[in-house]
Amino acid sequence: MKKTYLLFTFYFLLFAVANAATPPPPVCGPIASIFSTSSDWEAVTGLRLAPYDIWFGSERRTSSIGTEIYYLDGFPCYGQTENVRIWVGPTERFFENRDARMSVTCLLPPTQLVLAWREADSRATQARTRGIMTCDVEQMSGRLIVRLENCEHGDDWNKITQWPPK
């Protein structure tokens, strides 16, 4: 029994050492970059980047359970990682959604945003969105405001065949 145990231990260690010395397989194919090709917008335009908070809400009920929104980067703005996903509750008064704010960094105040969206309740985890919507941005008392009832809903993702959609 003792010899079997020692023999098993020897083969186990031999196998472990052989596998540790084996290099990992090479990575095949191109490696995708997640960085913008125009990341130095300040140098290209001569303008300065600045943070903007954008408030989302509605004057009427636009969903029975709420809307989950994702900011899609686009000139002159890109989203700040921790704030590009928000949930807007199904309220009928604009500023009841105190946490329905998104932070973006822009060269100029945006006049329009392109957003991905889906209907979801507040406990939903991140998941596939339904499609795209385009929203005008208003300036009101120093705030940037998006009124969800005025957003134009585009096609669902599986129906978009070209960009920008017609």
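Counting only residues at least two apart or on different chains, no ring pair (Phe, Tyr, Trp, His ring centres under 6.0 Å) pair has a member in residues 120-146.
Remark: Asp121 engages Arg123 in a salt bridge (Lys or Arg N to Asp or Glu O under 4.0 Å) (not counting sequence neighbours). With sequence neighbours excluded, the residues that form a salt bridge (Lys or Arg N to Asp or Glu O under 4.0 Å) with Glu138 are Arg147. Evaluation of the salt bridge (Lys or Arg N to Asp or Glu O under 4.0 Å) rule for Arg128 yields no partner, not counting sequence neighbours. Applying the ring pair (Phe, Tyr, Trp, His ring centres under 6.0 Å) test to Tyr70 and every residue at least two apart in sequence or in another chain returns nothing. Every residue two or more places apart in sequence or in another chain was checked for a salt bridge (Lys or Arg N to Asp or Glu O under 4.0 Å) with Asp136, and none qualifies.
In terms of heavy atoms, Val104 sits closest to Gly79 at CG1-CA, 4.2 Å. Across all non-hydrogen atoms, the minimal contact from Gly57 to Glu149 is O-OE1, 4.0 Å. Closest non-hydrogen pair, Leu72 versus Trp157, comes out as CD1-CH2, 4.2 Å.
You'll find the side chain of Leu47 reaches within 4.5 Å of the side chain of Leu108, heavy atoms only. The side-chain heavy atoms of Leu144 and Pro110, taken from C-beta on, include a pair separated by under 4.5 Å.
Environment of CZ in Arg130: sparse, with no more than 12 heavy atoms of neighbouring residues, nucleotides or ligands closer than 6.0 Å.
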Decide yes or no on side chain to side chain contact (heavy atoms under 4.5 Å, CB included) for Trp87 and Thr67, but give the supporting numbers first. CA-CA 6 Å; Trp87 179 77; Thr67 305; 5.9 Å; no
Let me see the working for Asp73 and Tyr71 under side chain to side chain contact (heavy atoms under 4.5 Å, CB included), right down to the final yes or no. CA-CA 6 Å; Asp73 290 345; Tyr71 177 70; 3.3 Å; yes
